[in-house]
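Only heavy atoms go into these numbers, but all of them, side chains included; no hydrogens, no water, no symmetry mates.
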Amino acid sequence: MPKILVVDDEEDMRTTLAILLEAEGYGVVTAMNGHGAMERLKKESVDMVVSDIRMPDMDGIELLQQVKTVNPLIPVVMVTGYGSAELAVESMKLGAYDYLQKPFDNVRLYDVVRSALGQASLQRSAAKGGVVEQ
């Protein structure tokens with residue numbers, strides 16, 4: 001079962017994302033900020049990160065950069081509020097897999113997560129020298 005790290009300073013959004021992802025069969029761990037997320041990554045392995053862009057102290061862009069330094073194969077999906085489209089585009093340039101704009105459709109969330117995890121699996125297989133059939 002893939003494990004997803006959900007990072008958001010808003011407890012309601014963190015809880016909602018965790019509930020939605022757990023309902024789809026994913027393991028979920030959470031952090032309330034970027035520093036907490038990096039601490040989690042030091043202690044346990046995750047398959048994906050879903051992070052808010054706007055957070056105090058360490059924003060989602062900085063978290064994205066640190067995650068990619070720790071493990072470039074972990075897909076990161078950014079969640080952004082209205083008016084943060086520029087930050088979402090910047091995050092994509094820095095290696096984010098995709099972004100979701102609040103309020104997002106649950107089906108879109110599930111599609112992005114499935115796609116990101118699938119691509120990450122292919123990348124890990126290729127990095128290990130595995131043969132990928134199409």
Salt-bridge present (R114, D111; N to O < 4.0 Å): yes

Give, for atom CG of L5 and atom CE of M48, the distance between the pair rounded to the nearest 0.5 Å. 10.5 Å

same_hphob_cluster(I4, Y97) at 4.5 Å side-chain heavy-atom cutoff: yes

Do the side chains of D9 and P56 get nearer than 4.5 Å, heavy atoms only? yes

So does E39 pair up with K42, basic N to acidic O under 4.0 Å? yes

Considering only heavy atoms from C-beta outward, does the side chain of V7 approach that of M55 to under 4.5 Å? yes

Do M1 and V49 land in one hydrophobic cluster if side-chain heavy atoms of ILVMFWY residues count as linked below 4.5 Å? no

Under 4.5 Å between side-chain heavy atoms, hopping through other hydrophobics if needed: is there a path connecting V67 to V50? no

Verdict with supporting geometry, E44 and V29, side chain to side chain contact (heavy atoms under 4.5 Å, CB included): CA-CA 10 Å; E44 58 192 294; V29 292; 3.5 Å; yes

Which atoms form the tightest heavy-atom contact between V28 and T30, and what is the distance? CG1-CG2, 4.1 Å

Straight-line distance of K93 NZ to L64 CG, nearest 0.5 Å: 13.5 Å

Should H35 and D57 count as side-chain neighbours, where that means a heavy-atom distance under 4.5 Å? yes

T16 OG1 to E11 CD distance, which is reported to the nearest 0.5 Å: 10.0 Å

V79-L109 co-clustered via ILVMFWY side chain contacts under 4.5 Å: yes

Report yes or no: does D47 contribute a side-chain atom to a donor-acceptor pair with the main-chain N or O of K3 at less than 3.5 Å? yes

Once you round to the nearest 0.5 Å, how far does CD of Q65 lie from CG of L94? 5.0 Å

For the residue pair E90 and I61, establish whether any side-chain heavy-atom pair is separated by less than 4.5 Å. yes

Within 6.0 angstrom of Y99 OH, more than 12 heavy atoms from elsewhere: no

How many angstroms lie between atom OG1 of T80 and atom CZ of F104, to the nearest 0.5 angstrom? 11.5 Å

In this structure, are over 12 heavy atoms from other groups packed under 6.0 Å from M32 atom CE? no

When every non-hydrogen atom of P2 is compared with those of L117, the smallest separation belongs to CB-CD1, 3.9 Å

Would you indicate whether the side-chain heavy atoms of M38 and L63 approach each other to under 4.5 Å? yes

Worked check of side chain to side chain contact (heavy atoms under 4.5 Å, CB included) between E24 and N106: CA-CA 11 Å; E24 288 294 297; N106 295 355; over 6 Å; no

Same apolar cluster (I L V M F W Y, side chains within < 4.5 Å links), L87/M78: yes

For the student: nearest non-hydrogen atoms of S51 and G60, plus distance: OG-CA, 4.0 Å

Could you state the interatomic distance from CG (D12) to CG (L17), rounded to the nearest 0.5 Å? 11.0 Å

